[in-house]
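For reference, the structure is listed below as C-alpha cells.
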Amino acid sequence: MPEAPTVLLLAEQTKQFIGQKVLSAEGKASKFDKSRLVGQPVTAVKTFGKELLICFPDFTLRVHLMLFGSYTINNHKNGILHLGLEFQKGELNFYACDTRLIEEPLEEAYDFRREVMNERFDKKLALSDLKKKPKLAIVDALIDQNLFAGIGNKIRNEVLFLVGVHPLSKVNAIDDDKLMEIIEACVTFMFRMFEWKKAGVQDENLVIYKREECPRDKMPVIAEKLGSRVIYYCDKCQELYE
DNA sequence: CTGTCTGTTCCGAT
DNA sequence: TATCGGAACAGACA
C-alpha cells in the first residue's frame, strides 16, 4: 500500500523496534544477504516518499511496497513472506514488496529537501525544479518521484481538483503563484491523508478520484487514461492553462 | 518515450 | 455458487 502518507504511518509503527536487534530474517527477499541483518540493532526509522528506511549501524534497509505490498506487525498473515524480521520483542513482516540494502550514508543517497512530507521539504526548490520541466503536464510532474517524492495517483488527482487546475495544463502556462499554491496544497493534503490513514479511513474522503460526479457542480467526472494510469477531473471546475 | 512486465487482492460479470 | 478478467495508491526495463 503505497503513497507517502501510508508509508509515514508504517514508519511510525516501525519505530517501536528502534534499539532492538534483529534475531532472525526470513523470507524470499533475494537482492541482498539477509544474514547481514541478524544481530544488528535498528538505529532509526525514516521515510523518503514511498520508501521506508530502516537504519542499522552500517547500512539501511529500504522497503518499497510498490502497488500491492502489505505488512503486518506483531502477527503474520497467509501469503508469500517477502521479508520477516524477528526482534527481541515483536516482529515485522513484509509481503509483495521490494527490499534492498543501501550501503552509502542516507544523506548521500537521498535529498530530503525533495521529500514532500519531510520537515526539510523545500518548496522553493520544488518550484524551481518544476520550472525546469516547462512542457510537462502538471499531472505528470506531480507524480515524478525525482521532483516530488511521495505523491501518487490519488494525491495528484485530488490536489489538482482542490486547486482548480486541469491536469493537462502545461507547467510553463501556470504562473509561479499558482504553482506554489499547488505545491502547498500537496503538503497539506498529504498530511490530511495521513490523519485519515491513522483513523482507518481514506478513500471515503476522496472527492474526485474514482468518483462519478463532481462534488461542486455535479457534472460527470472525466476518467481518462493517461499513459498507464487513469486521471480524474472535472473540466468545468478545473481550469486548463495553456 | 511507448510498451511490457511483475506483484496481490478485490469486485463485478458471466 | 464458482470462476474469470480487469483494475489498482508503482516502478523498472527493453
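Basis for what follows: all heavy atoms, side chains included, without hydrogens, waters or symmetry-related copies. Chain identifiers are assigned alphabetically (A, B, ...) following the order of the sequence lines, protein sequences preceding nucleic acid strands; residue numbering begins at 1 within each chain.
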Pairwise distance CE(A:M193) to NZ(A:K198) - rounded to 0.5 angstrom: 14.5 Å
Can you tell me the distance, in whole Å, between the CG atom of A:L206 and the P atom of C:dA8? 14 Å
C:dT3 to B:dG7 separation - P atoms, rounded to the nearest Å: 23 Å
With the side chain of A:M66 defined as its heavy atoms from C-beta on, choose the nearest nucleotide among B:dT9, B:dT8, C:dG11. C:dG11
Give me the other members of the hydrophobic cluster that A:Y110 sits in, counting Ile, Leu, Val, Met, Phe, Trp and Tyr linked by side-chain heavy atoms under 4.5 Å, directly or via other members. A:F48, A:L53, A:I102, A:L106, A:F112
Paired stems touching DNA chain B, three or more consecutive Watson-Crick or G-U pairs with both distances under 3.5 Å? B:2-6 with C:10-14, B:8-14 with C:2-8
Taking CG from A:N93 and C1' from B:dT8, how many angstroms apart are they, rounded to a whole number? 16 Å
Which of these nucleotides, C:dG11, B:dT9, B:dT8, is closest to any side-chain atom of A:H64? C:dG11
Rounded distance in Å - CG (A:L67) to C1' (B:dT8): 9 Å
If I take atom CD in residue A:E51 and atom P in nucleotide C:dG11, what distance separates them, rounded to the nearest angstrom? 8 Å
As a test of reading the structure: which of C:dA8, B:dT9, C:dG11 is closest to the side chain of A:V230, going by heavy atoms? C:dA8
Checking side-chain polar atoms at under 3.5 Å, does A:E158 have a donor or acceptor matched by the opposite partner on A:Y232? no
Sorted by chain and residue number, the side-chain hydrogen bond (donor to acceptor under 3.5 Å, both in side chains) partners of A:N172 (sequence neighbours excluded) come out as none
Length of the CG-P vector between A:N78 and B:dC10, whole Å: 12 Å
Nearest whole angstrom, please: distance from the C1' of B:dG7 to the CG of A:D98. 11 Å
Quick check on C:dA8: is either OP1 or OP2 less than 4.0 Å from any side-chain nitrogen or oxygen of A:Y232? yes
Over 12 foreign heavy atoms within 6.0 Å of CD, A:E212: no
Please name the residue in the list A:V63, A:L8, A:T6, A:N118 that meets the side-chain contact (heavy atoms from CB on, under 4.5 Å) test with A:T47. A:L8
For A:L65 and C:dG11, what is the distance between atoms CG and C1' respectively, to the nearest whole Å? 13 Å
Please determine whether a side-chain nitrogen or oxygen atom of A:K77 lies at a distance below 4.0 Å from atom OP1 or OP2 of B:dT9. yes
Sub-4.5 Å side-chain heavy-atom contact between A:L83 and A:N93: no
Rounded distance (Å) that lies between atom P of B:dG7 and atom CZ of A:F68: 10 Å
